[in-house]
> 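I have a structure here, written as structure tokens, and I will follow up with some questions on it.
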Amino acid sequence: MPLVEHLYIHIPYCSSKCHYCDFYSVVEKEDDSYFDILIEELKLYNFDFNVKTIYFGGGTPSIFKPKSYDVFFKKLNRLLDLSKVEEITMELNPKDYEKEDFKALKDVGINRLSFGVQSFNEKHLLWLGRAHKKEDAIKSVAYAKEAGFENISLDIIFGMPEQTKEEFLEDIENAISFDPAHLSFYMLTYYPATPLYSKKDEKKHEDDLALFYELLIEKLKNYIHYEISNFAKEGYQSKHNMAYWEYKNYLGLGAGAYSKVETFMFSNPKDINLYKKNVLTKRLDLKALNEEEHRKNKIIMGLRTSKGVEESMFNIPKHLENFFSKENGRVFIKPEFWLISNAIISEVI
Ligand code: SF4
């Protein structure tokens, strides 16, 4: 029976849709019965569970109050042994929780919070279509710290067309001022089928983006830069996300969630009603990938990180040798070239 140590749980509700968002979510009233479907879905899988990490992503997991998670964990505990769980992450929108909610969340067992701050600049928050203000983020992170959360991560987006170097520096400094254990800085992406896509021609010039990225690396030199977009203090690298990048097994529950278990990669429909129907009729759609597809995926994921992949996985093309380093039988892209890693990786595979 395949061993599964990592659970992803997708919460597909949002209070409004951000202009750049490519994640599956609907702007509908959240419904607690969704948690029952998650439990029913879990019952469909005959895997050897030894859960080490759980990650609530979205959508907006904080659209539900901690009470809903309390009820969910009581049910989950009846199905799985959660005594070995090391990390339970929840993504939050800065506006959703009050002081007492953070305390309740801690009691539920959530021990890592990932705040979708995106920017501390009101003009850019508005442009991105975020529903919160700078003050909401400041207040929310303070509440979380007061409640005793140590493992806090902030998500920031950079590269908005109008963003100046000074504004980006301000965002970096504001983020560092919270002394978070973890920081993720994502470059703005113009995904098709998002409102932002129509503005793709306004995209910041690549030279400016490269400059911003250099600045970021310089400013965050006290953090470990362990993945293209991710920085952590020692011991605070995201265990759950590392599992993806190391190509371990993970099971995704919920509408639109993806899974990888041994040779199988599968996903649930990006439609809450269809997802529910599939679960209730026990319809699973597992697809096995061949060895070559897995090899490519493993390279794509591994080369995002400072650990890279085993040297034996591919031969570095002669013209790309300068972009790579080797150490202890592993090969990785030099951090100064991470910004163009997508182009490098696609040449490799
Ligand atoms: S809150 Fe997150 S998931 Fe929801 S629309 Fe905004 S970016 Fe997308």
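Indexing begins at 1, ligand by ligand and atom by atom, following the structure's order. Index from 1, following the sequence.
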> Is NZ or CZ of Lys203 both nearer than 6.0 Å to the six-membered ring centre of Tyr190 and within 45° of the ring axis?
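Cation-pi check for Lys203 and Tyr190: fails.
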> Ring pair (Phe, Tyr, Trp, His ring centres under 6.0 Å) with Phe115: which residues, sequence neighbours excluded?
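Testing Phe115 for ring pair (Phe, Tyr, Trp, His ring centres under 6.0 Å), a comparison that skips the adjacent residues, returns none.
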> In ligand 1, which numbered atoms sit nearer than 4.0 Å to a non-hydrogen atom of Ser16?
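Per the distance check, 5 (S).
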> By residue and atom, what protein N/O/S atoms are less than 2.8 Å from atom 8 (Fe) of ligand 1?
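Metal shell, protein only: Cys21 SG.
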> Taking the six-membered ring for Trp, are Phe102 and Tyr143 parallel (under 30°), tilted (30 to 60°) or perpendicular (over 60°)?
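Phe102 and Tyr143: tilted rings.
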> Going by the rule salt bridge (charged side-chain N to carboxylate O under 4.0 Å, His left out), which residues pair with Lys239 if we only count those two or more places apart in sequence or in a different chain?
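Lys239 satisfies salt bridge (charged side-chain N to carboxylate O under 4.0 Å, His left out) with no residue once adjacent residues are dropped.
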> Could you list the atoms of ligand 1 found under 4.0 angstrom from a heavy atom of Arg130?
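That gives atoms 1 (S), 6 (Fe), 7 (S) of ligand 1.
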> At a non-hydrogen distance cut-off of under 4.0 Å, which region of Ala131 contacts ligand 1 (side chain, backbone, both, or neither)?
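None of Ala131 does.
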> Partners of Glu91 by side chain to side chain donor-acceptor pair (under 3.5 Å), sequence neighbours excluded?
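Listed in chain order: Tyr55.
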> Verify the neighbour count for atom OH of Tyr258: are there more than 12 heavy atoms of other residues, nucleotides or ligands below 6.0 Å?
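No - once you tally the heavy atoms of other residues, nucleotides and ligands closer than 6.0 Å, there are 12 at most.
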> List the steps and the verdict of side-chain hydrogen bond (donor to acceptor under 3.5 Å, both in side chains) for Lys95 and Ser140.
CA-CA 7 Å; Lys95 224 167 116 172; Ser140 213; over 6 Å; no
